[in-house]
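Single-structure report; data block below.
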Protein chains: 2
Amino acid sequence: MADTKIRNMEEFAAVSGISRPTVSKYFNDPESVRDSTRTRIEAALEKHAYRPNIYAMNQNRKLTKNLGIVVPLLSDPYFAEIARNLEQRCIAAGYRPTLFSSHGQPEMEVHVLDTLRSLKPAGVLLAPLGRSSEKDALSAFCDDVPTLIFDSSVDELGLAFVGSDNMQFTAHITDYLCRTGEPPCFFEMKTPANPNAHRRRQSYLSAMEEFGYTPDVISIDGEGWEFEEIGRLGGHQALKDGRFSTNTILCSNDRLAIGLLTACYEQGVSVGRAEGATIRVAGQDGHPHSRYTCPPLTTISHDYEAVSQTAADALFAAIDGQVSPWKSTRLEGKLILRDSA
Amino acid sequence: MADTKIRNMEEFAAVSGISRPTVSKYFNDPESVRDSTRTRIEAALEKHAYRPNIYAMNQNRKLTKNLGIVVPLLSDPYFAEIARNLEQRCIAAGYRPTLFSSHGQPEMEVHVLDTLRSLKPAGVLLAPLGRSSEKDALSAFCDDVPTLIFDSSVDELGLAFVGSDNMQFTAHITDYLCRTGEPPCFFEMKTPANPNAHRRRQSYLSAMEEFGYTPDVISIDGEGWEFEEIGRLGGHQALKDGRFSTNTILCSNDRLAIGLLTACYEQGVSVGRAEGATIRVAGQDGHPHSRYTCPPLTTISHDYEAVSQTAADALFAAIDGQVSPWKSTRLEGKLILRDSA
DNA sequence: AATAAATCTTTACGCGCGTAAATTTTTTGT
DNA sequence: ACAAAAAATTTACGCGCGTAAAGATTTATT
């Protein structure tokens, strides 16, 4: 119980019987003081529940304990999930993460970076919008703030890049589809939001060529981040026009696949690998929702844990002063077999 | 271009030709200075891109321009969507919102409130976890920080409550289902996470009684926030046990319905209002994903815009000093007719 | 027990800005 | 053009803490 209200570190130092500079040292890093001192401070902390004023704390410190986590679209459960994962790791490592979403808008991304700058963060975990990002703003930001890029790489910006191995993703699932039925055609957006989509198309083309099949890419129209709706509309159009050359469709990502499944439903096209189904549909990403589509979506999933751990650890290492040359880490995905393909 | 780096407000005041206190006044509220002064400051701002140090700013100010937005689970697109909506409104109103998720964990909710406290926010928009919330911590927080509760009410905490009219939701969609086919049974979690679920059950019972039908509530097991999986497993069980007394199922919320649809698919039960379908399924919430289920889900949707606007405006008014007694505002939902029911 | 090393205390300054009071300048109204 | 009102300037202090330096105290080493 706080019998007397502690107004500042001076007063707290008094009640804990430790000098203020030492208390300050403790809050900077509890390990930096002697055990006996730490015990006394923490005993006082129990009694009085004092917390240092973070504004006064961060004003003079060259580097704060703040971290930024930026994703392109928080309403996409994939990003929400990876953001949650990163957030937990940051907290566990003793940082104060703040979550931001660019909401799919380049100007918002710039605004977020601007806000982040003023927070003087020790580092930032940034998943850029991709194609529509204002490269100059990103680049300038990375020059000023230790930034680790994840999910979608932009040039060789920042400390390093950590993401998934999109080439492996597509090669792997294409291989699976070829071995279990007709070779797939590839369903994608004509102007995808991020570079991962290009890698996936490229990998599809390579894989098909390697297997001796003729690739068939269906590129649908649509701008923005409403992938389900783009997939649904594009799916309707493609079905109507008979553009699917095989009974197997590999989608560039799960959200597109979810939209395509809806289009299939709406046109009465049955989907699945079971007898009697007309077409097979597979996605890519291991989207949290993919388990609950009808039929449940066969997909190749990001290794969420590994991506977030690798990304977070790389940033922490850089913050701790471990300099290492820019590098790109791409982690393999795991095939998740469900009923759709 | 910034020819000379501006280090603080003093230097910026110098290059803009305005005194520092006036510049300070400008950053507090641009409207509070003369037009000619504002123009000169903004001209200098163009040239030098100076931003006040937010830590120094907030250190002395009794009230910051910070706002907190807290949702129980950010990976639920419903909350992600409403959070995005609120965030935009806060920015438009000149505040600096920060987004937090309790990730479905009561201890995380407490941690978030603790973090929020140290940010000395002007106000907080809080959607509590509900049943599992630590009431005392919430209550203590509301005593210290102007807090507006939304989505799910807890006692009469905070400045006010803004949410949806769950009674109207369920009455309305129950009415629709009764008029268009067999009266619905009600599919829900036995121990729901928040009080809205209780209102919905109550409203279902009242509506059925009013229409002269016998209500049938199927309460399924499951703890936590993975509603789709709970709905899927509960759906399997209920289908196996033949617990659905009519061919129409009203789910307590859309995520449960999504899981139930998956269970139906997995058991080969056809869903829809079309000829030949076995059962009808309806949800409640207007979840962003409900458009893309197979079949697309008939639901009653929150008025996202109205809820977020009412909540944000109420908080802004309170921050501006407009005192008003605690009140609860519950907004009506709109029926969205799709193929599932 | 004596010395060296680590840690703590005391003292002091500064960070960047909010803010108040007294004064001067500019704008407004007639 | 003149007085009154509004706004800007000058001056000055304080917020809560980081941090540096010098001296005092505790702990570790032999």
Side-chain angles (χ1 to χ4, degrees), chain A residues 2 4-45 48-66 94 96 117-122, chain B residues 2 4-45 48-66 94 96 117-122:
Chain A
T4 52
K5 281 284 172 192
I6 306 293
R7 316 185 65 83
N8 54 37
M9 196 180 279
E10 193 89 47
E11 292 187 13
F12 177 74
V15 298
S16 68
I18 305 288
S19 72
R20 189 180 70 74
T22 302
V23 171
S24 171
K25 205 152 174 286
Y26 167 85
F27 280 110
N28 266 326
D29 175 13
E31 301 298 313
S32 69
V33 301
R34 205 151 50 201
D35 282 21
S36 60
T37 309
R38 183 163 53 251
T39 308
R40 289 170 67 191
I41 291 176
E42 280 163 1
L45 224 39
H48 301 280
Y50 159 79
R51 297 271 177 272
N53 179 315
I54 62 164
Y55 297 111
M57 265 183 62
N58 290 327
Q59 177 171 12
N60 299 323
R61 225 208 295 268
K62 41 192 163 297
L63 224 56
T64 68
K65 278 281 183 181
N66 298 332
R96 300 172 43 96
R117 233 183 244 275
S118 69
L119 289 178
K120 300 186 194 299
Chain B
T4 52
K5 281 284 172 191
I6 305 294
R7 315 185 66 82
N8 55 37
M9 196 180 278
E10 193 89 48
E11 292 186 14
F12 176 75
V15 299
S16 67
I18 305 287
S19 71
R20 188 179 72 74
T22 302
V23 170
S24 171
K25 205 151 176 288
Y26 166 85
F27 280 110
N28 266 324
D29 175 12
E31 300 298 313
S32 68
V33 302
R34 205 150 52 202
D35 282 21
S36 59
T37 309
R38 183 165 51 250
T39 308
R40 288 170 69 191
I41 291 176
E42 279 163 2
L45 224 39
H48 300 281
Y50 158 79
R51 297 271 177 275
N53 179 314
I54 62 162
Y55 298 110
M57 265 183 63
N58 289 328
Q59 178 170 13
N60 300 323
R61 224 208 294 270
K62 40 191 162 299
L63 225 55
T64 67
K65 278 283 184 182
N66 298 332
R96 301 173 42 96
R117 235 182 243 277
S118 69
L119 289 177
K120 299 186 196 299

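Labels below follow one simple rule: chain letters A, B, ... track the order of the sequence lines, proteins then strands, and each chain is numbered from 1.
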Expressed in angstrom and rounded to an integer, what is the separation of A:M9 atom CE from C:dT9 atom P? 14 Å

Between the side chain of A:R20 and the main-chain N/O of A:A13, is any donor-acceptor distance below 3.5 Å? no

Pairwise 5' ranking along DNA chain D for B:R38 and A:M57, keeping only the more 5' one: B:R38

Treating B:K65 as the side-chain partner and B:G94 as the backbone partner, does any N or O pair qualify as donor plus acceptor under 3.5 Å? no

Quick one: is A:S19 getting a side-chain N or O under 4.0 Å of the C:dT9 phosphate, OP1 or OP2? yes

Which part of the nucleic acid, if any, lies within reach of A:F12 when heavy atoms closer than 4.0 Å are counted: base, sugar-phosphate only, or nothing? nothing

Looking at CZ of A:F12 and OH of A:Y26, how far apart are the two atoms once the value is rounded to the nearest 0.5 Å? 7.5 Å

Applying a 4.0 Å non-hydrogen cut-off, can you work out what B:S36 is touching in the nucleic acid: base, sugar-phosphate, or nothing? nothing

Which sits closer to the 5' end of DNA chain D, A:R34 or A:V23, going by the nucleotide each is nearest to? A:V23

Are side-chain heavy atoms of B:R51 and A:R117 found at a separation under 4.5 Å? no

Given 3.5 Å as the limit, does a donor-acceptor pair link the side chain of A:S118 with the main chain of B:I54, or not? no

Just to confirm, is there a sub-4.0 Å distance from OP1 or OP2 of C:dT7 to any side-chain nitrogen or oxygen of A:T37? no

Going 5' to 3' along DNA chain D, between which two nucleotides do contacts with chain B fall, using a heavy-atom cut-off of 4.0 Å? D:dA7 to D:dG16

With sugar-phosphate meaning primed atoms plus P, OP1 and OP2, does B:P52 contact a base, only sugar-phosphate, or nothing at under 4.0 Å between heavy atoms? sugar-phosphate

For A:Y50 and A:N8, which heavy atoms make the closest approach, and how far apart are they? CE1-C, 3.8 Å

